[in-house]
Amino acid sequence: ERGEVGQRIKEYISTIDSLKKNKNNISGRESEIRDMILEHTGATKEEIPFIGELVRVNPSESKWECAIEKILHNFALHLLVPDKYYHEVNSFINSTNLKGRITYYRYKNYSSLAGMEVFEDDDRKLLSKIEIRHDSVYEEWIRDSIFERYNYSCVDSIEDFEKCTEKAVTSEGLIKFSNERHEKDDRPNVVSKTNYILGWDNQDKIALLQSEIKTLQQKDIDIMAQLNDINSDKLKIQHYYDLSKKLVDTFSDFDVVNWKE
């Protein structure tokens, strides 16, 4: 158990280092591969961003954060590669053993879907609960992509959820897909805020990870106290064992100590 706690502390420290370096909420191998791509192409992080760096849950819609993180997680880990770097990125990735996985979209000059603003007023839709960076050239592309694929109805009750004939999600994370498939994933690594990746400000995530490290360090101290107690008991048991063995070795015949007889 101490080994597991120590490994988690090490992983969290590594994640914090990565977050401080990249100023986003995405760490791990995907982040390292993006750095390799940037170094090879000479592009900036703004030119080849993760989608998750440009999208966040509106702070006023925090109760939907976990559900939206689940829905957009895989999409958020995609890179956007403009035509300017498209060939270079393809050539580099094709010829390199990435020792991991990266997914990306080719971005061409883009015109937004006509009439998109009609749907933005529906406060039950996922799009109404998120923000997309207004200073990014990718804003319209991301908005339209989410509208086409991920604009789930965010419903407050199971009754409304069951009435929906389209994609829907509850704030507790029960998801109905367009093909009537349903899913709820409450695995610790999925629901933990330490694994959230949306947003362009990672100070909250860094603070959360630092708090988790302190909790784990205290747990390590508690485990050490338990180990000390166990070792103390072990020494006592060993002492009793040695005394008992000495008694048996001294009196190998029970008749010798059978005083009643």
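Just so it is clear, the model here is predicted, and its values are computed rather than measured.
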ILVMFWY cluster, I48 and L77 together (side-chain gap under 4.5 Å): yes

K167, NZ atom: more than 12 neighbouring heavy atoms under 6.0 Å: yes

W64 versus V155, closest heavy-atom pair with distance: CH2-O, 3.1 Å

L38 vs T44 side-chain heavy atoms within contact, under 4.5 Å: no

Flag side-chain contact, heavy atom, 4.5 Å: D35 against K21: yes

Chi angles and distances behind the salt bridge (Lys or Arg N to Asp or Glu O under 4.0 Å) call for D204, R56: CA-CA 13 Å; D204 287 345; R56 72 178 182 182; over 6 Å; no

Residue pairs, two or more places apart or on separate chains, that pass side-chain hydrogen bond (donor to acceptor under 3.5 Å, both in side chains) and touch residues 226-239: Q238-D242

Single-linkage hydrophobic cluster, 4.5 Å side-chain cutoff, Y196 and L209 together: no

Whether S128 side chain and K125 backbone form a donor-acceptor pair below 3.5 Å: yes

Spacing of CZ belonging to R149 relative to OG belonging to S178, to within rounding of 0.5 Å: 13.0 Å

By ring pair (Phe, Tyr, Trp, His ring centres under 6.0 Å) - contacts of F75 (at least two apart): Y150

Atom pair NZ/CZ of K108 and R106 - distance to nearest 0.5 Å: 4.5 Å

Side-chain donor/acceptor of K23 to backbone N/O of D201, under 3.5 Å: no

Note, R143 side chain near L127 side chain (heavy atom, < 4.5 Å): yes

Within-4.5 Å side-chain heavy-atom neighbours: N25 and L198: no

Steps toward side chain to side chain contact (heavy atoms under 4.5 Å, CB included) verdict (V256, F254): CA-CA 5 Å; V256 177; F254 179 69; over 6 Å; no

E166/S153 under side-chain hydrogen bond (donor to acceptor under 3.5 Å, both in side chains): CA gap, chis, key distance, verdict: CA-CA 8 Å; E166 54 194 9; S153 293; 2.6 Å; yes

Test log, rule side chain to side chain contact (heavy atoms under 4.5 Å, CB included), inputs W200 and N24: CA-CA 5 Å; W200 49 86; N24 61 20; over 6 Å; no

Any donor-acceptor pair under 3.5 Å from K176 side chain to C164 backbone: yes

Flag if over 12 foreign heavy atoms under 6.0 Å of NZ, K184: yes

Non-hydrogen atoms of A67 and V169 that approach each other most closely: CB-CG2, 3.8 Å

Euclidean distance, I158 CD1 relative to F161 CZ, rounded to 0.5 Å: 6.0 Å

Gap between atom CG of L208 and atom CG of N202 - 0.5 Å precision: 12.0 Å

Co-membership, hydrophobic cluster, residues L247 and V257, 4.5 Å side-chain: yes

Hphob cluster co-occupancy, Y152 + V55, side-chain heavy atoms under 4.5 angstrom: yes

Donor-acceptor contact below 3.5 Å, side chain N58 vs main chain E131: no

CD-CG distance between E1 and D222, expressed to the nearest 0.5 angstrom: 10.0 Å

Spacing of CD1 belonging to I206 relative to OG1 belonging to T194, to within rounding of 0.5 Å: 13.5 Å

From CA spacing to verdict: side-chain hydrogen bond (donor to acceptor under 3.5 Å, both in side chains), D17, S14: CA-CA 5 Å; D17 290 340; S14 176; 5.8 Å; no

Pairs meeting criterion side-chain hydrogen bond (donor to acceptor under 3.5 Å, both in side chains) with involvement of residues 250-261, two or more places apart: none

Min side-chain heavy-atom separation E65-K129 under 4.5 Å: no

Short N-O contact, K99 and E32, less than 4.0 angstrom: no

Non-hydrogen side-chain atoms of D83 and Y107 separated by less than 4.5 Å: no

Minimal non-hydrogen separation, R29 against L98, with atom names: NH2-O, 2.7 Å

H182 atom NE2, over 12 foreign heavy atoms within 6.0 Å: yes

Residues, nucleotides or ligands: over 12 heavy atoms within 6.0 Å of Q218 CD: yes

Heavy-atom pair of closest approach, residues I197 and E69: N-OE1, 3.1 Å

Residue pairs passing the ring pair (Phe, Tyr, Trp, His ring centres under 6.0 Å) test where at least one lies in residues 78-100, sequence neighbours excluded: H40-F92, H78-Y105

Nearest non-hydrogen partners of N195 and P188, listed with the distance: ND2-O, 4.5 Å

Qualifying residues under salt bridge (charged side-chain N to carboxylate O under 4.0 Å, His left out), relative to K205, sequence neighbours excluded: none

NZ/NE/NH1/NH2 to OD/OE distance under 4.0 Å, R8 and D220: no

Side-chain (E53) to main-chain (F50) donor-acceptor, under 3.5 angstrom: yes

Contacts of type side chain to side chain contact (heavy atoms under 4.5 Å, CB included), residue S211, not counting sequence neighbours: none

Side chain proximity check, I93 to Y104, heavy atoms < 4.5 angstrom: yes

Short side-chain to backbone donor-acceptor contact, Y138 and E47, under 3.5 Å: yes

Side chains of K70 and V191 in contact at under 4.5 Å (non-hydrogen atoms): yes

Criterion side chain to side chain contact (heavy atoms under 4.5 Å, CB included) on E30 and I102, from CA distance to verdict: CA-CA 6 Å; E30 289 94 348; I102 198 71; 4.2 Å; yes

Which atom of I130 lies closest to which atom of I146, heavy atoms considered: CD1-CD1, 3.6 Å

Audit row: C154, R124, side chain to side chain contact (heavy atoms under 4.5 Å, CB included) steps and yes/no: CA-CA 5 Å; C154 300; R124 289 210 322 167; 5.5 Å; no

Co-membership, hydrophobic cluster, residues L126 and L174, 4.5 Å side-chain: no

